[in-house]
Amino acid sequence: ENGLIKTLNPAAERLLSVEKSNMVGTKFSYFLPDGHKSRHDKGINNFFKTGKSTGFLNSTKELPIIQFNGKMIVVEATISSGESFGSRHVVAVMRDITWRAQSDKDKYDIYKELFDICPYAITVGDVDGFKDCNKKAIEMFGCSKKEDITTRHPVDFSPEYQPDGTLSVDGANKVIGLAVENGSHKFDWAHKKLDGTTFDTVINVSDKATWTELLSTNTAIRSLISSN
């Protein structure tokens, strides 16, 4: 109540590695890393002042938690707000998913290794430009480092016009739109290296947008240098 812990059940005591007597009357943000404390406290304070639930309230989130002993774990927390007997309250139901987070990290590490050694040029980006690329893409575009690519847009590595006379900027918008609409799109494309040398490619664009990225369409572009 009032943003302070009123009670913990035995499972919460074990999860947080703390005895209830040590935490009653303390803010829950005590267990959050510094980067999460202010947002959490702001949302809690707003609820107790106005009764309005915003942000993380009434939702399920994955959160990093620092146990009372200083060890960090990852929990899945369902945080609900409500009122009873004229008093506002917040209830957090948590479960330890540190094992799952570690499994996801292991999968990412494997993906990253395959991403780097893939014999095809792969770039990842959104509507604003490239965000990541593998070593083959750096080589293909005649660059010396990843930053030569991730500070640019795909159009920067294209001639002004495509072989069919289409402006590259218009063609790029069209094929990205097709990928978003259909899930993926394969097409021929004229690219150019950093030094201006043009070359032909076959590109597969896959739409990887998520529900939380409504304003940013993530795309994965795999470019294969044509035998031409």
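Every heavy atom of this structure was used, including side-chain atoms; hydrogens, water molecules and symmetry mates were not.
Annotation for Lys27: atom NZ does not count as buried by contact number, only 12 or fewer foreign heavy atoms lying within 6.0 Å. Annotation: Lys20, atom NZ; neighbour count of heavy atoms from other residues, nucleotides and ligands within 6.0 Å does not exceed 12.
Pairing each heavy atom of Ser158 with each of Gln162, the nearest pair is CB-NE2, 4.3 Å. When all heavy atoms of Ile66 and Pro33 are compared, the closest pair comes out as CD1-CA, 4.0 Å. Here the shortest heavy-atom pairing between Pro64 and Met72 reads CB-SD, 4.2 Å. Between Lys193 and Met140, the shortest heavy-atom distance links the atoms NZ-O, 2.7 Å. Of all non-hydrogen atoms in His89 and Phe47, the two that sit nearest each other are O-CE2, 3.5 Å. Phe157 and His191 make their closest contact through O-ND1, 2.7 Å (heavy atoms, listed as atom of the first residue, atom of the second, distance).
Sequence neighbours left out, the pairs with a member in residues 64-78 that pass salt bridge (Lys or Arg N to Asp or Glu O under 4.0 Å) are Glu76-Arg95, Glu76-Arg100.
One distance of note links CD1 of Ile65 with OG of Ser17; it measures 13.0 Å at 0.5 Å rounding. Atom CZ of Phe141 sits about 11.5 Å away from atom CG of Asp148, to the nearest 0.5 Å.
Between Phe28 and Phe31, the angle of the ring planes lies from 30° to 60°, which puts this pair in the tilted group.
For Ser168 (side chain) and Val155 (main-chain N/O), no donor-acceptor pair under 3.5 Å exists by modelled atom type. For Thr150 (side chain) and Lys131 (main-chain N/O), no donor-acceptor pair under 3.5 Å exists by modelled atom type. Between the Lys37 side chain and the Ser29 main chain, a donor and an acceptor come within less than 3.5 Å of each other. The backbone N or O of Leu15 sits less than 3.5 Å from a side-chain atom of Gln67, completing a donor-acceptor pair. Asn173 places no side-chain N or O within 3.5 Å of a backbone atom of Asp170 that could act as its donor or acceptor partner. Judged by distance alone, the side chain of Asn134 and the main-chain N or O of Tyr120 form a donor-acceptor pair under 3.5 Å.
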